[in-house]
Amino acid sequence: MIMTTENAHRLHKKFPKKHNHYALRDFFQFNGDYGTITDWNDTRNVLTSEDFIIGLLEGLQEEVGDASAAIMYTVGLEWGKHDSLIFEAWFEREFGMSPRRANLMFLLETWWWPFISQGWGRWEVDMSDRKQGFMFINVFDSAVARTLGDVGKPVCHLYAGLFAGFFTEMVRKQLSCIEIQCYSMGETYCKFLLGGRERIDAASFWMNEGANARDIEKRLRAGEGGE
Amino acid sequence: MVSVADLLTDGRLPGNYFAQDLYVRGSTELGLLENRRGDRLLAIPNPLLQAIYSGLDKETGQASHLVLYNCGRWWGKNFYARFCEELADYYKQPLANLSMAEFLQSFQQCWKTHGWGQIHLDITYRDRGFLGVEIWHSPFTAAAPQGQKPAGDLERGIVEIFFTQLTGRELRCAQTSCTAKSDDCNRFILGLEKRLAPVDAMVASGQAHQAIMQTLVQQG
Amino acid sequence: MTFKLDTLFDEPDKHYLDANDLSTLSQYVSSIPERMAVYRTLRDQEVAVMQPIADALQQQGGHAEALVERSVRNGLMVLRYAAMAMLLDDDAFVEDRLQGWLPEMVKAYETQAIDQQLFQLLNRQLSKLFSPAQVNLIKPSLEKAQSLMLDTRETVTLAGLL
């Protein structure tokens, strides 16, 4: 959508350097006349209940069956790629610094803040294994898993795709992501493994053989699953 | 005689349930959004909408229109149920007792508060068995690939099932104009399937909404 | 938190409020007791204020009971929101709550004419109840509500649909 003076974020225009803008009424600008919602970064948003996620999954399931998981991952991947471009632009605008020169932890926290305002849940990044080429991301209150409840398998393919797409663009290296523990498997939070394709394929294989998140972590740290 | 005290049973005066500042709540501590009943809400940013279109196109190609329409129907089915439940709870009476004006105004306000643009009903052809729906400032077709074909499949699905459930008649929905092909808004026609049968061909041949309506009405 | 005060705290790098800001703040704070007094009266006298208006609309105006009920409901709703807006010193509050709702209801039930009469009667009632200074506190939000309700922008009429 084209940004006009009606839907551009007024508070942001007035205070372009305000960093603490993630409260609902600051982050979103509601335009009741047009029925539009613009966020702090001038991106349009729509609000939905959990019914939207269910609708998406059911509609896909009906048409493509089990391939719906892979499609949701692809959608996430595309999302992450689009988002990385937008993020780079607003990060540079807000902090006057290229994202590539910023402290990594700060950069990632900054990236996730809008998702918190948008209701996608909190996250926690564990980078202790990054030198070995993989890292873990925990998501609390995943919108997908919370919606579906306990179904006995990982369901947050959209998040996995989002992480893979975003990090692939930011790191400029082909990365994949897999959810190795999910609220929908009766766990309290969701855990994602991010890394090169070979490792993620290995983790997927171990999972199919019944490995849990802890087994996978152990095997990766022992150097299994490739370089 | 009108008794003001009687109008104020339990002191309540139900009004704009979906008023945006009342309806949407958020907690940055938890990273959650919710509505005034405490049901979870999600903000879907434009990049995700774009990703839904491009991702589906990559994976399912031409079938993506059908997939989105199906998703819209599923979404609409649950949306309708939730919408009715919320209103019945709020008005503390069965939905059947609620006037159509209140019901539809709530529907329009709900649409706006969720940021889905403005939805209007066009009842010009009501006597001929058609109901028109216009959606202005749609975020969905704004995020869809722009081209020659209507792209409001999600909305077509949700509108079709919503009015099917509301009227208790199996209605179909066809889209006649779309912002994704540079029209001013998204227009939809609701009616019985066999009466809407010629619409898709007319849309494909580039006919405008008004002309299509004329043909439909003349066909009786 | 009122909209006016909100803007005082938006500025990110300003550590202290300047004299103008503090004067805005103090004007509001010192007006609070009066605002609360008006608010309490409106709350406690809600029925007493509105009943004579309902009677007048029905008897002198000769309007049908159902229409009077509709209009009185509108009036009660406006008064409640106007009272809250006055308490918060935030005219936008009335707009936020009523826009997209009340004007549409007015059109759907065709109460424009009777609502107009209701507002006249309401103003008369309020001037009996309050001092001119007190009336001035509530007036801006009432006027805002009135202009919103009688806004004649064209929309599709929903009454009688389906």
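Computation of the quantities below employed the complete heavy-atom set of this structure, encompassing side-chain atoms and omitting hydrogens, waters and symmetry-equivalent molecules. In what follows, chains are A, B, ... by sequence order, proteins preceding strands, each numbered from 1. Remember, predicted model here, so these are calculated numbers, not experimental data.
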Relative to chain A, which of [options] shows the most heavy atom pairs under 4.5 Å?
{"options": "Val67(B), Leu30(B), Leu68(B), Leu48(B)", "value": "Leu48(B)"}
{"options": "Ser27(B), Ala51(B), Ala81(B), Ala19(B)", "value": "Ala51(B)"}
{"options": "Pro47(B), Ser54(B), Gly26(B)", "value": "Pro47(B)"}

[X] portion near chain B, given a 4.5 angstrom heavy-atom threshold:
{"X": "Phe28(A)", "result": "side chain"}
{"X": "Ala23(A)", "result": "backbone"}
{"X": "Ala67(A)", "result": "neither"}
{"X": "Gln118(A)", "result": "both"}
{"X": "Trp113(A)", "result": "side chain"}
{"X": "Leu57(A)", "result": "neither"}

Between Glu62(A) and Trp74(B), is any side-chain donor less than 3.5 angstrom from a side-chain acceptor?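 Yes, a side-chain donor-acceptor pair sits under 3.5 Å.
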Taking all heavy atoms of [X] and all of [Y], pick out the closest pair and write down the distance.
{"X": "Val75(A)", "Y": "Gly55(B)", "value": "CG2-CA, 4.2 Å"}
{"X": "Gly59(A)", "Y": "Cys71(B)", "value": "CA-SG, 3.8 Å"}
{"X": "Arg25(A)", "Y": "Asp21(B)", "value": "NH2-O, 3.3 Å"}
{"X": "Phe30(A)", "Y": "Thr113(B)", "value": "CE2-O, 4.2 Å"}

Euclidean distance, [Y] [atom2] relative to [X] [atom1], rounded to 0.5 Å:
{"X": "Gln20(B)", "Y": "Ile37(A)", "atom1": "CD", "atom2": "CD1", "value": "7.5 Å"}
{"X": "Asn31(A)", "Y": "Lys112(B)", "atom1": "CG", "atom2": "NZ", "value": "9.0 Å"}
{"X": "Ile44(B)", "Y": "Leu47(A)", "atom1": "CD1", "atom2": "CG", "value": "9.0 Å"}
{"X": "Gln118(B)", "Y": "Asp33(A)", "atom1": "CD", "atom2": "CG", "value": "7.5 Å"}
{"X": "Leu32(B)", "Y": "Ile116(A)", "atom1": "CG", "atom2": "CD1", "value": "10.0 Å"}
{"X": "Asn45(A)", "Y": "Leu49(B)", "atom1": "CG", "atom2": "CG", "value": "8.5 Å"}

Tell me, for [X] versus chain A, whether the close heavy atoms (under 4.5 Å) come from the side chain, the backbone, both or neither.
{"X": "Arg25(B)", "answer": "backbone"}
{"X": "Thr60(B)", "answer": "side chain"}
{"X": "Phe140(B)", "answer": "side chain"}

Can a donor-acceptor pair be found, under 3.5 Å and without considering hydrogens, that links the side chain of Arg82(B) to the backbone of Ser49(A)?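 Not at all, since once roles are kept as given, no pair shorter than 3.5 Å links the two residues.
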Side-chain donor/acceptor of Arg44(A) to backbone N/O of Ala143(B), under 3.5 Å: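 Looks like no, no N/O pair under 3.5 Å.
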Under the rule for side-chain hydrogen bond (donor to acceptor under 3.5 Å, both in side chains), what residues qualify as partners of Thr74(A), not counting sequence neighbours?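 side-chain hydrogen bond (donor to acceptor under 3.5 Å, both in side chains) check on Thr74(A) returns Glu59(B).
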Chain B-proximal positions within residues 76-94 of chain A [heavy-atom distance under 4.5 Å]: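 From residues 76-94 of chain A, the residues near chain B are Glu78(A), Trp79(A), His82(A), Asp83(A), Ile86(A).
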